[in-house]
Amino acid sequence: MQKLIIKGNKELNGKIYISGSKNATLPILAASILGNQVQLKNIPLVKDIFTMVDLLNFIGLKTNFIKRKNIINILNIDKNINTLAPYKLVKTMRAGVLVLGPLLTKYGKAKVSLPGGCAIGTRPVDLHLFALKKLGAKIKIKDGYIFAEAKKGLIGSVIRFPSISVGATENALLAAVKAKGKTILKNCAIEPEIKDLIEFLKKLGVKITSKGRTITIIESGFKNSKIVHEIIFDRIELGTYMIACALLAKKKMKIERINPRIVKSEIDILKKIGVKIIKSKSAVTIKRNKKLKKINVTTKPYPGFPTDLQAQLMVLLTQVNGVSKIKENIFENRFMHVPELKRMGAQIEIKNKTAIIKGPTKLTGAEVMATDLRASVSLVLAGLVAENRTIINRIYHLDRGYEFLEDKLKSCKAEIKRI
Ligand code: UD1
């Protein structure tokens with residue numbers, strides 16, 4: 001099994017560019033089922049994307065992935081379509097469940113494996129199914145699979161989500177695009193990745209408007225022509241590298257190919273802590289500030305501070321003066337990095353949903369274990385700050401979502417290698 005070895009406490013110096021967003025690419029790949037000919041650009045080369053492409057191939061789409069250009073061409077000739085998403089492809093990547101909406105709305109039926117639990121919590125799909133039922137789908141759960149049917153097609157409806165879910169908003173949106181009449185989705189997630197999905201669907205010919213947390217979809221014809229779409233940047237990768245720079249960039253470092261307006265809450269919080277950040281149109285410049293201040297943060301749906309940056313922020317907070325708190329409001333079990341960070345010397349206590357972090361503490365290298373994608377990258381950040389050598393096990397989690405992680409860090413003088 002592969003491991004990462006990091007020799008820490010080294011200054012970072014250089015430039016980093018941000019890749020395309022994994023979480024935007026996944027629903028847009030699922031949405032490609034709805035089109036005929038699609039070209040997607042700025043695709044990150046990470047494991048979850050490869051799994052989703054395998055799933056599209058399994059369903060019967062033809063894909064041509066030009067990896068050296070981060071481009072994928074997808075063709076759907078509507079022949080020999082398999083309306084099935086098998087367990088083996090959904091178990092490692094929950095987003096596989098996003099093919100449910102497009103398959104059901106286009107082909108009238110779908111059989112999709114239940115994604116099951118995962119390390120950060122139970123992560124049910126009840127809200128996805130709630131919305132599909134409201135659109136007229138008949139749904140049964142049997143043998144670990146969701147069986148959905150809408151023989152005469154889906155029917156537009158007004159749906160208010162009882163709580164905000166990114167995946168359920170995406171699945172409902174993907175199903176509603178071919179429903180008869182008008183669908184109004186209320187209390188939606190409005191993450192930038194959902195905005196990107198809406199842009200893609202508009203290119204396909206769908207009439208969609210969004211205002212606040214309400215998205216309206218009007219029955220519309222689909223275009224047969226080729227659609228070209230460039231995926232937005234990965235705001236979580238950006239946040240991760242901003243934190244790396246805040247910890248270790250003695251001189252100014254530039255992070256490029258982004259839009260700072262999309263990460264306002266992250267930048268505001270880092271600035272409040274005392275990190276020096278200068279924004280430009282498509283980049284940020286960051287420098288470490290030794291006098292960092294404590295802060296209290298709660299994770300929230302967008303535009304709030306993202307749960308996907310909670311673990312990384314926690315590493316930064318081990319280096320600030322005073323006692324900081326992070327309340328995890330989205331997932332019930334997302335503090336699994338804490339015992340590992342404590343093994344490296346961090347002083348963190350968990351009380352219910354809140355982590356209380358005492359700083360500043362000197363971190364020292366240790367052998368640690370990655371548990372999920374974002375927890376893993378927090379251990380990389382901790383390893384970069386810590387004195388001596390850190391060994392990170394189970395790094396396959398990192399490969400699910402960070403493109404060229406070691407190369408990007410090495411280009412900024414980090415001492416990191418995979419064995
Ligand atoms: C997406 C992101 C993930 C991020 C999360 C929250 C992708 C591929 N993944 O995951 O990186 O951490 O948003 O920003 O985009 N819930 C239910 N019932 C449901 C669906 C969700 O109770 O049917 C709950 C979840 O357990 C969780 C909360 O709602 O507590 C939010 O989850 P959701 O927004 O759906 O996350 P994902 O779409 O799975």
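Remember, it's 1-based here, ligands and their atoms both numbered in the order they're listed.
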Establish, from distance only, whether the side-chain atoms of [X] and [Y] form a donor-acceptor pair under 3.5 Å.
X    : Y    : result
R334 : T307 : yes
N23  : E193 : no
Q310 : H337 : yes
Y402 : D234 : no

Nearest heavy atom to atom 3 (C) of ligand 1 wins, so pick from I194, T169, D308.
D308
Options L373, I164, T299, ranked by nearest heavy atom to atom 29 (O) of ligand 1, top entry
I164
For the 3.5 Å polar cut-off, considering only N or O atoms, please tell me whether [X] and ligand 1 meet it.
X    : result
A168 : no
A95  : no
L26  : no
P124 : yes
K22  : no

Should the proximity of [X] to ligand 1, defined as any heavy atom under 4.0 Å, be assigned to the side chain, the backbone, both, or neither?
X    : result
R334 : side chain
E170 : neither
S165 : both
L129 : neither

Distance under 6.0 Å and angle within 45° of ring axis: K67 vs F50:
yes
Against the six-membered ring of F222, is K178 placed for a cation-pi contact (under 6.0 Å from the centre, within 45° of the normal)?
yes
Residue [X] vicinity, atoms of ligand 1 by number, heavy atom under 4.0 Å:
X    : answer
G167 : 35 (O), 38 (O)
R94  : 39 (O)
H128 : 23 (O)
T307 : 6 (C), 12 (O), 14 (O)

Just by distance, do the side chain of E237 and the backbone of S19 share a donor-acceptor pair under 3.5 Å?
yes
From CA spacing to verdict: salt bridge (Lys or Arg N to Asp or Glu O under 4.0 Å), D268, K264:
CA-CA 6 Å; D268 286 351; K264 189 175 177 307; 2.8 Å; yes
Closest non-hydrogen atom pair between T299 and P306, with its separation:
CG2-O, 4.1 Å
With heavy-atom distances below 4.5 Å as the criterion, would you say the side chains of L341 and L379 are in contact?
yes
With heavy-atom distances below 4.5 Å as the criterion, would you say the side chains of V380 and L405 are in contact?
yes
Say whether P306 and ligand 1 are in contact under the criterion: heavy-atom distance to a ligand atom below 4.0 Å.
no
Would E193 count as a contact residue for ligand 1, given that I'm defining contact as a non-hydrogen atom of the residue lying under 4.0 Å from a ligand atom?
no
